[in-house]
Amino acid sequence: VPNTVLAKIDVVNDYGDVFSRNIDWRNPTGKPFAKNLMQSEVYVKLAYYLKDIDKKVWVFGDSYCGYTNYERWPYYVVQDNYDGWLLNAMGGYDANQALEDLKVLLRLTGTYPSVILWALGMNHAGDSSGQVNSDWMAATTELISICSANSIELIFTTIPSLPNISLHTKTALNSWIKNSGYRYVDMAKAMGDDDPSGNCRGWGTDNALLNKKSNGNPDVHPTARGAKMIYRQVLIDFPEIAIN
């Protein structure tokens with residue numbers, strides 16, 4: 001609209017769906033952010049670009065991979081000023097959701113990462129009759145194909161099996177990872193899955209690596225001590241994270 005700061009924004013997704021909104025386009029001081037001085041409409045294209053998309057190391061994960069919480073291992077990566085990597089993580093994420101994000105990211109850039117750390121599996125159902133969860137396995141098979149086709153080195157992580165929560169029995173999944181021939185970060189070992197009790201190391205003590213809920217039952221997330229143990233294991237098994 002001539003001599004106004006009104007704008008119409010159309011957001012179009014990959015399926016052709018359109019979300020439109022008319023806005024009074026001003027910056028926080030009230031001054032116009034953009035003004036059309038022509039007598040006809042002007043069309044502009046807005047592009048969203050991730051600042052880290054050109055990094056050669058990409059990390060995909062779930063709530064274990066938060067970087068603002070001192071009870072998550074990426075927090076300590078950031079504290080050590082290592083920022084040469086892209087992080088795509090969200091609480092509750094499973095491998096299928098992360099795989100769809102990966103496909104989108106690969107379409108956004110002409111350059112692909114050299115390495116992907118795949119820290120997914122916690123939010124899939126646990127082993128069934130000694131077999132790896134089928135949803136995780138299907139997503140992983142497709143992931144392997146994508147990485148192979150694009151010369152991307154794929155690195156997995158083992159998943160801690162948490163005490164008294166059958167959903168999180170990951171023995172078969174971890175065995176598959178360890179015998180797959182791919183590199184992996186042994187997060188399960190870092191959390192103490194090798195403890196004879198079958199629980200995460202220190203469970204029930206002040207030195208516990210795993211948090212507990214207010215009712216005393218085990219939470220699925222590490223304590224700060226547990227997060228530091230995972231970070232130490234990441235540095236051992238995946239030193240590529242320590243780049244700037």
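Please read these numbers as outputs of a predicted model, since none were measured by experiment.
- Applying the side-chain hydrogen bond (donor to acceptor under 3.5 Å, both in side chains) test to E142 and every residue at least two apart in sequence or in another chain returns K103.
- Here S134 pairs with nothing under the side-chain hydrogen bond (donor to acceptor under 3.5 Å, both in side chains) rule; sequence neighbours left out.
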Report all side-chain donor-acceptor pairs from residues 143-156 shorter than 3.5 Å, counting only partners two or more places apart or in another chain.
residue, atom, partner, partner atom, Å
N150, ND2, I146, O, 2.8
E153, OE2, R183, NH1, 3.1

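- Heavy atoms only, all atoms of each residue included: P239 and I236 are closest at CD-O, 3.9 Å.
- Here the side chains of Y76 and L235 are not in contact, with every heavy-atom distance at 4.5 Å or above.
- Listed by first then second residue, pairs satisfying salt bridge (Lys or Arg N to Asp or Glu O under 4.0 Å) with a partner in residues 224-235 number zero, not counting sequence neighbours.
- Partners of D237 according to the side chain to side chain contact (heavy atoms under 4.5 Å, CB included) rule, which considers only residues two or more places apart in sequence or in another chain, are V185, D186, Q233.
- Note on residues 68-79: no pairs pass salt bridge (Lys or Arg N to Asp or Glu O under 4.0 Å), not counting sequence neighbours.
- In this model, a donor atom of one side chain and an acceptor atom of the other lie less than 3.5 Å apart for D101 and Y93.
- Partners of D94 under the side-chain hydrogen bond (donor to acceptor under 3.5 Å, both in side chains) rule, at least two apart in sequence or in another chain, do not exist in this structure.
- With values rounded to the nearest 0.5 angstrom, M187 atom CE is found 12.5 Å from Y231 atom OH.
- Taking S180 as the reference, nothing meets the side-chain hydrogen bond (donor to acceptor under 3.5 Å, both in side chains) condition, with sequence neighbours excluded.
- Residue pairs meeting the salt bridge (Lys or Arg N to Asp or Glu O under 4.0 Å) criterion with at least one member in residues 74-83: none, sequence neighbours excluded.
- Residues P160 and M122 form a side-chain contact, since some pair of their non-hydrogen atoms from C-beta on lies under 4.5 Å apart.
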Derivation of the side-chain contact (heavy atoms from CB on, under 4.5 Å) call for L105 and Y112: CA-CA 9 Å; L105 289 172; Y112 293 168; over 6 Å; no
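- Residues T157 and L117 meet the side-chain proximity criterion, which asks for heavy atoms closer than 4.5 Å.
- Taking NZ from K56 and CG from L86, the interatomic distance works out to 12.0 Å, rounded to the nearest 0.5 Å.
- Proximity of Y64 to I159: side-chain heavy atoms (C-beta onward) are nowhere separated by under 4.5 Å.
- Here W176 and W136 bring their ring centres to under 6.0 angstrom of each other.
- The side chain to side chain contact (heavy atoms under 4.5 Å, CB included) test applied to A208 returns no partner, not counting sequence neighbours.
- Within a 6.0 Å sphere centred on NZ of K212, other residues, nucleotides and ligands contribute 12 heavy atoms or fewer.
- Here D52 pairs with K55 under the salt bridge (charged side-chain N to carboxylate O under 4.0 Å, His left out) rule; sequence neighbours left out.
- A distance of 8.5 Å separates CG in L99 from OG1 in T140, rounded to the nearest 0.5 Å.
- Residues satisfying the ring pair (Phe, Tyr, Trp, His ring centres under 6.0 Å) test with W73, not counting sequence neighbours, are none.
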